[in-house]
Amino acid sequence: MGNSIGSDSSPMTPSAHPAVINRFFSGSAWIEGAALNQLDEMSRLPGVLEIAAFPDLHPGKYGATGVALLSSRLHPLLIGNDIGCGMSLFALDLPLRKLKIDKAAERLRRLEAQVIGDVSDLLAETGLPADLAPGALGTIGGGNHFCELQAVEDLAEGGRIAGLDDQQLYLLVHSGSRALGAAVFSEAVAAHPGLVAGLDPRSEAGGAWLASHDRCVAWASLNRRLIAARAAAALRADLSLVADIPHNLVRRSDRGFVHYKGAAAVRPGELAPIAGSRASLSHVVLATDGVGRSLGGISHGAGRKYDRATMHGRVGRNRSEREQLLRNAWGGVAICDDRALVVEEAASAYKDAGQVASDLENGGLIVGLASLRPLVTFKKAVDEAEVEQRRRKPDHRREGGRGHERY
DNA sequence: ATGTCC
């Protein structure tokens, strides 16, 4: 089979005719020029036939995020390292009236300490090797990932019909394939110097990436389920799945391969979460038949407004400001023992998910069902036992590290 | 995004 790159007529040469770009955002959407430029570059990549761009569009490393892209070739760079990342929404059997936020936060602080036992059977049931990173299952990771306890703020009639209940509590989990997807990504980058031109899906390299990708997508979905199971165990509650929607993956279609880069992959009639932030509303929406015009994509969240680096100059310059960033207008709290992450993930770093949902609704892609308010946002908690152990036996490799200090 | 540069 040999080198798959270049097996099309001339994939290194940008197409003479760029792919059509369909924009599903209004003039009120906050879209950076850099993201629009990236969109243009993506439309000229080999094999790219059509692009749908969503209102959460923002610049990314190898292309804009908030995009569905149809291509005859596979583009692993566009998917990036968190293959299979997604949002899962669960209903808890805990009634809102029984909730004490501080008590729930105290319990959720121990989320990742919950024992989930032997997961080899779960992996096998998912069609995955029983020894595929079992120890990483049920871990959230960093960046924009979280597990959030939410209550219904507004419920539309459609939401009630869909079974949403404004007296119940919900869990929204945003996570992906952890080190698994990162390894698949870096191996692909190392093996194919011309990866920017994509891979021929019929080649050995293309097939291998796709197979690894499929495992990451399945593993990431199981990971979200186990994160929720841990949260439910910490809260001593039962849960049921409402929606599990990935937004970083490739799906086969009869026209080629649809790449979803930070765009939720939905089918008509499916419920999907559109995440806000730790201090703003998330939305639950229903995908309409209109998603046939958007390559089956919609936004998965508010989308970044400011990059991580510049957030440090904007908010949380002192301790009391950082402490404010852990509280929201509904009495909700965030659990985040990583000082840099508190600043980088501040609500003001994000666009308004309500504006995003409204653009999608006006574009005929969704119908809004409910908005959800954040009550406890779990991001990262240091293990006190581990801290104590480190105090006794200092780990010199960590010396000099900056930006990830505790409070 | 990633045991986030050893």
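Sequence lines set the chain letters: A, B, ... in the order given, protein chains first and strands last, and positions in each chain run from 1.
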Please report the distance, rounded to the nearest Å, between CG in L180(A) and P in dT2(B). 12 Å
Under 4.0 Å between any heavy atoms, over every strand shown, what does G176(A) touch: base, sugar-phosphate, or nothing? Just pick one. nothing
Would you mind classifying the nucleic acid contact of G141(A) as base, sugar-phosphate or nothing, using non-hydrogen atoms under 4.0 angstrom? sugar-phosphate
note: L341(A), atom CG; dG3(B), atom P; distance rounded to Å ~ 13 Å
Look at the side chain of K380(A) and decide which nucleotide, out of dG3(B), dT4(B), dT2(B), has an atom nearest to it. dT4(B)
Between CZ of R308(A) and P of dT2(B) the distance, given in whole Å, is 10 Å
Measure the distance from CZ on R178(A) to C1' on dT2(B) and round it to the nearest whole Å. 8 Å
Checking dG3(B), dT4(B), dT2(B) against the side chain of H145(A) (C-beta onward), the nearest is dT2(B)
Taking any heavy-atom pair under 4.0 Å as a contact, classify G143(A): base, sugar-phosphate, or nothing. sugar-phosphate
Excluding sequence neighbours, so at least two apart, what forms side chain to side chain donor-acceptor pair (under 3.5 Å) with H300(A)? none
Measure the shortest side-chain to side-chain distance between V152(A) and Q168(A) over non-hydrogen atoms and say whether it is less than 4.5 angstrom. no
Calculate the interatomic distance between I140(A) atom CD1 and dT4(B) atom P; express it in whole Å. 19 Å
Quickly work out the K379(A) NZ to dT4(B) P distance and round it to whole Å. 18 Å
To the nearest angstrom, how far is N223(A) atom CG from dT2(B) atom C1'? 14 Å
Would you list the atom pairs, donor with acceptor, under 3.5 Å between side chains in residues 236-243 of chain A and any protein atom, with sequence neighbours excluded?
none

Close side-chain approach of S348(A) to R314(A), heavy-atom, < 4.5 Å: no
